[in-house]
Amino acid sequence: MNVEAPVGSIARAQKVLSALADAPLGASLTEIMARTEFTKSTTHRVLASLQEVHYAYQDPDSRKYFLGSALAKLARVANRSDLAALAARSMRRLAGVSADTIFMSAPEGAASICVRRELGGFPIRTLTIDAGDRVPLGVGATGQALYAMTPERKRRAVAEANRRWMADFNYTPDLVEERCADFHTRGYALNPSIVIPGMSAVGLPIVTRSGRLVAAVGIGAINDRMSTDRIEGELVPLLRQEVAVLAEKFSILEGEGLI
């Protein structure tokens with residue numbers, strides 16, 4: 001069996017994708033051949049394969065080739081994976097000290113994506129969302145933290161667009177605006193049993209030195225463990241400490257163009 005053929009195929013696909021990435025306004029077949037130094041038949045074959053999986057497409061008018069939308073999805077997943085890996089140590093510390101469930105979410109358009117969840121040692125766990133789950137921006141403690149740091153015009157448009165979706169989680173555009181105002185009063189996001197009765201959570205956003213909103217981290221638990229005294233005396237200080245660590249880490253990586 002020839003085990004080297006797939007590697008060669010992947011390498012050729014990578015060269016064509018790189019050529020397309022260097023041509024945001026599109027590239028003709030001849031231009032791709034020149035950039036990759038492939039023959040016409042090889043270039044045609046690679047492009048056909050990439051088009052089948054939507055990694056590339058050809059404009060029917062100009063006949064130029066472009067990167068496909070499926071690659072954007074892969075890039076978003078890769079970026080979320082990076083964030084989850086970078087936050088692992090902080091989230092484990094939070095789960096270990098608090099014994100509660102720790103969530104990390106990242107903004108994606110009108111949605112909040114859970115990129116990581118860490119379980120604490122307390123036997124009754126808050127499992128409202130898991131890694132990979134999408135909820136409307138503004139829903140849940142981490143979603144509220146992200147929403148509160150979004151410019152007003154954008155967040156109101158998002159809330160209105162998500163009106164029906166929000167209803168699935170017991171939220172409305174008016175309620176997310178109320179929780180946004182509450183965030184700015186308290187200095188942290190509080191989800192007081194809105195999504196699931198008996199379960200509450202708090203969250204804080206992670207913002208880099210440049211002002212980029214990267215993600216939010218939250219702690220969720222049953223209401224018996226979420227008294228105001230514990231939230232403000234223990235949980236929020238823990239969150240602030242780890243959020244500061246992550247904000248600095250992400251700021252350095254952002255400066256190096258790695259996130």
Q: Rounded to the nearest 0.5 Å, how far apart are CD of Glu242 and CZ of Arg92?
A: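 Interatomic distance, Glu242 CD to Arg92 CZ, rounded to 0.5 Å: 12.5 Å.
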Q: Are Tyr188 and Glu232 linked by a side-chain donor-acceptor pair shorter than 3.5 Å?
A: yes
Q: Would you give the length of the straight line joining atom CG of Leu137 to atom CG of Asn162, rounded to the nearest 0.5 angstrom?
A: 7.5 Å
Q: Salt bridge check: are Lys15 and Glu37 linked by an N-O gap of less than 4.0 Å?
A: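 Between Glu37 and Lys15 there is no salt bridge, as every charged N stays at least 4.0 Å from the carboxylate O atoms.
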Q: Spell out, as yes or no, whether a donor-acceptor pair under 3.5 Å connects the side chain of Asn170 to the backbone of Ile194.
A: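 Present.
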Q: Side-chain contact test, heavy atoms from C-beta onward, threshold under 4.5 Å: evaluate it for Arg230 versus Asp100 and give yes or no.
A: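 Yes, their side chains come closer than 4.5 Å.
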Q: Closest heavy-atom contact between Ser90 and Val245?
A: OG-CG1, 4.1 Å
Q: Report yes if the side chains of Leu50 and Tyr65 come closer than 4.5 Å at any heavy-atom pair, otherwise no.
A: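 They are not in side-chain contact.
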Q: What's the spacing between Arg116 CZ and Leu83 CG if we round to 0.5 Å?
A: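 That separation rounds to 11.5 Å.
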Q: Between Thr150 and Arg155 (side chain of the first, backbone of the second, donor and acceptor by atom type, cut-off under 3.5 Å), is there such a pair?
A: no
Q: When clusters are formed by joining ILVMFWY residues with side-chain heavy atoms under 4.5 Å apart, either directly or through shared neighbours, do Leu20 and Leu29 land in the same one?
A: yes
Q: With Arg225 as the cation and Phe122 as the aromatic partner, state whether NZ or CZ is under 6.0 Å from the six-membered ring centre and within 45° of the axis.
A: yes
Q: Do side-chain atoms of Ser251 reach the backbone of Thr208 as a donor and acceptor pair under 3.5 angstrom?
A: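 Side chain of Ser251 to backbone of Thr208, a donor-acceptor pair under 3.5 Å: no, none is there.
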Q: How far apart are the closest heavy atoms of Asn223 and Met199, and which atoms are they?
A: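 Minimum heavy-atom contact is OD1-C, 3.5 Å.
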Q: What distance separates Leu238 CG from Ser98 OG, expressed to the nearest 0.5 Å?
A: 7.0 Å
Q: Identify the heavy atoms of Leu204 and Gly187 that sit nearest to each other, and give their distance.
A: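 Closest pair (atom of Leu204, atom of Gly187, distance): CD2-O, 3.3 Å.
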Q: Working note: Glu108 + Arg134, criterion salt bridge (Lys or Arg N to Asp or Glu O under 4.0 Å); need CA distance, chi angles, decisive distance, verdict.
A: CA-CA 9 Å; Glu108 185 179 286; Arg134 298 168 58 91; 2.8 Å; yes
Q: Is a donor from one side chain sitting under 3.5 angstrom from an acceptor on the other, for Thr30 and Ser28?
A: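 Short answer, no.
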Q: With rounding to the nearest 0.5 Å, note down the distance linking CZ in Phe250 to CG in Leu213.
A: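 Reported value, rounded in 0.5 Å steps: 11.5 Å.
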Q: Does the distance from a Lys or Arg side-chain N to an Asp or Glu carboxylate O, for Arg117 and Asp130, drop under 4.0 Å?
A: yes
Q: Which pair of heavy atoms, one from Ser112 and one from Gly143, lies closest together, and at what distance?
A: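 Scanning both residues completely, I find the closest heavy atoms to be OG-CA, 4.0 Å.
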Q: Pick one: which of Arg179, Glu177, Lys154 meets side chain to side chain donor-acceptor pair (under 3.5 Å) with Tyr147?
A: Glu177
Q: Are Val139 and Leu190 connected into the same hydrophobic cluster when the rule is that any two of I, L, V, M, F, W, Y join if their side-chain heavy atoms are below 4.5 Å apart?
A: no
Q: Working to the nearest 0.5 Å, report the span between CD1 of Ile129 and OG of Ser105.
A: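 One gets 4.5 Å once the value is rounded to the nearest 0.5 Å.
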Q: Applying a strict under-4.5 Å side-chain criterion to I, L, V, M, F, W and Y, I'd like to know whether Leu235 and Ile222 cluster together.
A: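 Different hydrophobic clusters.
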Q: Considering the options Gln144, Glu178, Arg163, which one meets the side chain to side chain donor-acceptor pair (under 3.5 Å) requirement together with Tyr171?
A: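 Only one option passes, and that is Gln144.
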Q: Does the side chain of Met104 reach to within under 4.5 Å of the side chain of Ile206, using non-hydrogen atoms?
A: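 With C-beta onward as the side chain, the pair touches.
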Q: Taking it one step at a time, do Thr42 and Arg45 satisfy side-chain contact (heavy atoms from CB on, under 4.5 Å)?
A: CA-CA 5 Å; Thr42 296; Arg45 185 169 63 252; 3.5 Å; yes
Q: With hydrophobic residues grouped by side-chain heavy-atom distances under 4.5 Å, do Val202 and Val217 end up in a single group?
A: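 Same cluster.
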Q: Considering non-hydrogen atoms only, spot the tightest contact between Ala95 and Glu118 and give its length.
A: CB-CB, 4.1 Å
Q: If two hydrophobic side chains count as joined below 4.5 Å and joins carry through other members, does Ile113 share a cluster with Leu86?
A: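 Cluster IDs for Ile113 and Leu86 differ.
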Q: Could you tell me which residues satisfy side chain to side chain contact (heavy atoms under 4.5 Å, CB included) with Arg35, sequence neighbours excluded, listed by chain and number?
A: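 Result, side chain to side chain contact (heavy atoms under 4.5 Å, CB included) vs Arg35: Ala19, Asp22, Ala23.
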Q: Answer yes or no: are there more than 12 heavy-atom neighbours, outside Arg89 itself, under 6.0 Å from its atom CZ?
A: no
Q: Test your reading of the model: is there a side-chain donor-acceptor pair from Gln51 to the backbone of Ala56, 3.5 Å cut-off?
A: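 Absent.
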Q: Shortest non-hydrogen contact from Cys114 to Phe103?
A: SG-CD2, 4.5 Å
